[in-house]
Visitor: 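This structure is in structure tokens; I'll ask about it shortly.
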Amino acid sequence: MDKTKIIDGKMVSDLIKAKVTTEVNEIKKKNHRVPNLTIIQIGDNKASSTYIKNKKITCEKVGIICNVLTHPETITEAELLNIINQLNHDSTIDAIIVQLPLPRHINSEKIINSITIKKDVDGFTPKILGNLMLGHYQLLPGTPKGIMLLLKHYQIELAGQHVVVIGRSNIVGKPLANLLINASATVTVCHSQTKNLSFFTKQADILIVAVGQPKIITSEIIKENAIIIDVGINRDQDNKLCGDVDFENVLPKVKMITPVPGGVGPMTIAALLENILYLYYQNNNF
Ligand code: GUN
């Protein structure tokens, strides 16, 4: 494998984790309260359990406390709102995540909006997303932030480049498209209703794929020397982790590419760690 083409998210995330560890150690040396992330999981969605486990392990590696509160699928919206209200007022908690997706009977938007902006570590509340669109950056949602950090680390030029984003979720596609526009890229956003997807993908200097379908991007539908960012985390027929991009198939044609695992995934968690520290410092006058 041509390693020079690999955008190594694991390596870049390790650099960020080392920096966060140093900062947490400084906090501990001063005998200040240790930063605390609280994650709420509703039900037992398998993918959510994996994501939460990874977040918890990584937090604990860098010295951040991570509590996971699990509740059954049958919890009511009112009960969940009440739990969030208590966490909002708990001065020992810096950051709150309500892991998505939520069961159908719960209004996700209402739940996310009930998290105080002071603890919205995901950056999903409307004010944060509105400010992001306007280019006023405070805290950024984890995956878009992780991708931007990765592009920056590898000094990948964005100004004037045609970036095609596939996926329009509130978590990844929409905020990412705005960050890229603000970085002077020419941005096209494609999604499940896009007609003739390959017409767009073939034009992408940088192709960012966040659709959650294994290996849908192949060498026939990308531009020669494209840079590919793969946000997907899927299982292939052999139950092996794979992205939305057919990695082996496109590798000879690309300039650079993120692998799965070891690309965007670890960067999302690294961005989360930075966000926890940001909220910790914002909300404490140490
Ligand atoms: N589900 C998938 N990704 C995320 C994330 O980044 N945050 C939350 N809260 N839920 C998710």
Visitor: Can a donor-acceptor pair be found between the side chains of N182 and Y137 at a distance below 3.5 Å?
Guide: yes
Visitor: Could you measure the distance from the CD1 atom of I52 to the CG atom of N45? Nearest 0.5 Å is fine.
Guide: 8.5 Å
Visitor: Is it the case that the side chain of S13 and the backbone of A270 share a donor-acceptor pair, with hydrogens and angles ignored and the cut-off at 3.5 Å?
Guide: no
Visitor: Restricting to non-hydrogen atoms, name the atom on F247 and the atom on P259 that form the minimum distance, rounded to 0.1 Å.
Guide: CE1-CA, 3.8 Å
Visitor: Measure across N88 and S114 and return the closest heavy-atom pair with its distance rounded to 0.1 Å.
Guide: ND2-O, 2.8 Å
Visitor: Show the atom names and distances, to 0.1 Å, of all donor-acceptor pairs under 3.5 Å that link a side chain in residues 76-84 to residues at least two apart or in another chain.
Guide:
residue: T76; atom: OG1; partner: E79; partner atom: N; Å: 3.0
residue: T76; atom: OG1; partner: E79; partner atom: OE1; Å: 3.3
residue: E77; atom: OE1; partner: N107; partner atom: N; Å: 2.8
residue: E77; atom: OE2; partner: K110; partner atom: NZ; Å: 2.9
residue: E79; atom: OE1; partner: T76; partner atom: N; Å: 2.9

Visitor: Counting neighbours of NZ on K17 that are heavy atoms of other residues, nucleotides or ligands and sit closer than 6.0 Å, is the number greater than 12?
Guide: yes
Visitor: Under a 3.5 Å distance rule, please check whether R33 uses its side chain to pair with a backbone N or O of T92 as donor and acceptor.
Guide: yes
Visitor: Check for a donor-acceptor pair, side chain of N283 on one end and backbone N or O of L279 on the other, with a separation under 3.5 Å.
Guide: yes
Visitor: Measure the shortest side-chain to side-chain distance between N170 and F124 over non-hydrogen atoms and say whether it is less than 4.5 angstrom.
Guide: no
Visitor: Are V165 and C190 close enough, and set up right, to give a side chain to side chain contact (heavy atoms under 4.5 Å, CB included), and what steps lead you there?
Guide: CA-CA 6 Å; V165 178; C190 300; over 6 Å; no
Visitor: Any ion pair linking K145 and E274 (charged N to carboxylate O, less than 4.0 Å)?
Guide: yes
Visitor: Within the side chain of D8, is there an N or O that forms a donor-acceptor pair under 3.5 Å with the backbone of K10?
Guide: yes
Visitor: If you apply the rule side chain to side chain contact (heavy atoms under 4.5 Å, CB included), what do you find for V24 with L277, and how did you get there?
Guide: CA-CA 8 Å; V24 175; L277 275 189; 4.3 Å; yes
Visitor: Heavy-atom distance under 4.5 Å between the side chains of M256 and T4, does that happen here?
Guide: no
Visitor: Are I233 and V245 connected in a single hydrophobic cluster, I mean Ile/Leu/Val/Met/Phe/Trp/Tyr linked by side-chain heavy atoms less than 4.5 Å apart?
Guide: no
Visitor: Do I269 and V121 belong together in a cluster built from hydrophobic side chains that touch within less than 4.5 Å?
Guide: no
Visitor: Does one hydrophobic cluster hold both V260 and V264, with members joined at side-chain heavy-atom distances below 4.5 Å?
Guide: no
Visitor: Are Y280 and I64 side-chain neighbours, meaning at least one heavy-atom pair lies under 4.5 Å?
Guide: no
Visitor: Can you name the residues that form a side chain to side chain donor-acceptor pair (under 3.5 Å) with K29, not counting sequence neighbours?
Guide: E26
Visitor: Applying side chain to side chain contact (heavy atoms under 4.5 Å, CB included) to V163 and T186, what does each step give before you reach the verdict?
Guide: CA-CA 6 Å; V163 185; T186 302; over 6 Å; no
Visitor: Has Y154 got more than 12 heavy atoms of other residues, nucleotides or ligands less than 6.0 Å from its OH?
Guide: yes
Visitor: Which atom names give the shortest non-hydrogen contact between H191 and V189, and what distance separates them?
Guide: CD2-O, 4.2 Å
Visitor: Within a radius of less than 6.0 Å around NZ of K56, do more than 12 heavy atoms belonging to other residues, nucleotides or ligands occur?
Guide: yes
Visitor: Donor-acceptor pairs under 3.5 angstrom involving side-chain atoms of residues 204-219: please list them, not counting sequence neighbours.
Guide:
residue: D205; atom: OD1; partner: K223; partner atom: NZ; Å: 2.7
residue: D205; atom: OD2; partner: H162; partner atom: N; Å: 2.8
residue: T218; atom: OG1; partner: E220; partner atom: OE1; Å: 3.1
residue: S219; atom: OG; partner: N249; partner atom: OD1; Å: 3.4

Visitor: Is a donor on one side and an acceptor on the other found under 3.5 Å between the side chain of Q161 and the backbone of E157?
Guide: no
Visitor: Roughly how far apart are I117 CD1 and L139 CG, rounded to 0.5 Å?
Guide: 9.0 Å
Visitor: Count the heavy atoms of every other residue, nucleotide or ligand shown that sit under 6.0 Å from CG of N225, and state whether that count exceeds 12.
Guide: yes
Visitor: Side chains of residues 65-75: which donor-acceptor partners sit under 3.5 Å, not counting sequence neighbours?
Guide:
none

Visitor: Would you compute the distance between atom CD1 of I222 and atom CD of Q203 and round it to the nearest 0.5 angstrom?
Guide: 14.0 Å
Visitor: Nearest 0.5 Å please: distance from the CG atom of N54 over to the CG atom of L272.
Guide: 11.5 Å
Visitor: For M267 and G263, work out which heavy atoms get closest and say how close.
Guide: CG-O, 3.6 Å
Visitor: Would you call L241 and N234 a side-chain contact if the rule is heavy atoms closer than 4.5 Å?
Guide: no
Visitor: Indicate the atoms forming the closest heavy-atom contact of N113 with P126, along with that distance.
Guide: OD1-CD, 3.1 Å
Visitor: Between N36, D94, I96, T38, which is the residue that forms a side-chain contact (heavy atoms from CB on, under 4.5 Å) with K119?
Guide: I96
Visitor: Within the structure provided, determine whether I42 and S48 are in side-chain contact (heavy-atom separation under 4.5 Å).
Guide: no
Visitor: Would you compute the distance between atom OG1 of T258 and atom CD1 of I6 and round it to the nearest 0.5 angstrom?
Guide: 8.5 Å
Visitor: Okay, side chain of D236, backbone of C242: is any donor-acceptor separation there less than 3.5 Å?
Guide: no
Visitor: Treating T116 as the side-chain partner and K118 as the backbone partner, does any N or O pair qualify as donor plus acceptor under 3.5 Å?
Guide: yes
Visitor: Ignoring hydrogens and geometry, is there a side-chain-to-backbone donor-acceptor pair from N178 to K174 under 3.5 Å?
Guide: yes
Visitor: Starting at CD1 of I147, measure out to CG of L179 and round the result to the nearest 0.5 Å.
Guide: 9.5 Å
Visitor: Do I7 and I257 come close enough that some side-chain heavy atom pair is under 4.5 Å?
Guide: no
Visitor: Under the rule for side chain to side chain donor-acceptor pair (under 3.5 Å), what residues qualify as partners of N85, not counting sequence neighbours?
Guide: H89
Visitor: Using the side-chain hydrogen bond (donor to acceptor under 3.5 Å, both in side chains) rule, take Q41 and S49 through it: C-alpha gap first, then chi angles, then the decisive distance, then the call.
Guide: CA-CA 8 Å; Q41 180 177 17; S49 299; 3.0 Å; yes
Visitor: At their closest point, which heavy atom of P141 faces which heavy atom of P175, and how far apart are they?
Guide: CG-CB, 4.3 Å
Visitor: Is any side-chain heavy atom of S198 less than 4.5 Å from a side-chain heavy atom of N196?
Guide: yes
Visitor: Flag yes if L149 and L151 sit in one hydrophobic cluster, no otherwise; membership is Ile, Leu, Val, Met, Phe, Trp, Tyr, and two members link when side-chain heavy atoms are under 4.5 Å apart.
Guide: yes
Visitor: Could you tell me whether the side chain of Q86 reaches within less than 4.5 Å of the side chain of D90, counting heavy atoms only?
Guide: no
Visitor: Set out, in order, the CA-CA distance, both residues' side-chain angles and the distance that settles side-chain hydrogen bond (donor to acceptor under 3.5 Å, both in side chains) for Y281 and E23, then state yes or no.
Guide: CA-CA 11 Å; Y281 290 127; E23 285 193 48; 3.2 Å; yes
Visitor: Using a 3.5 Å distance criterion without hydrogens, assess whether the side chain of D230 forms a donor-acceptor pair with backbone atoms of G232.
Guide: yes
Visitor: Run the side chain to side chain contact (heavy atoms under 4.5 Å, CB included) check on S184 and L158 step by step: do they pass?
Guide: CA-CA 7 Å; S184 302; L158 290 172; over 6 Å; no
Visitor: Considering residues at least two apart in sequence or located in another chain, which fulfil the side chain to side chain donor-acceptor pair (under 3.5 Å) criterion with K55?
Guide: Q99
Visitor: Can Y51 be reached from I276 by stepping across I, L, V, M, F, W or Y side chains whose heavy atoms are under 4.5 Å apart?
Guide: no
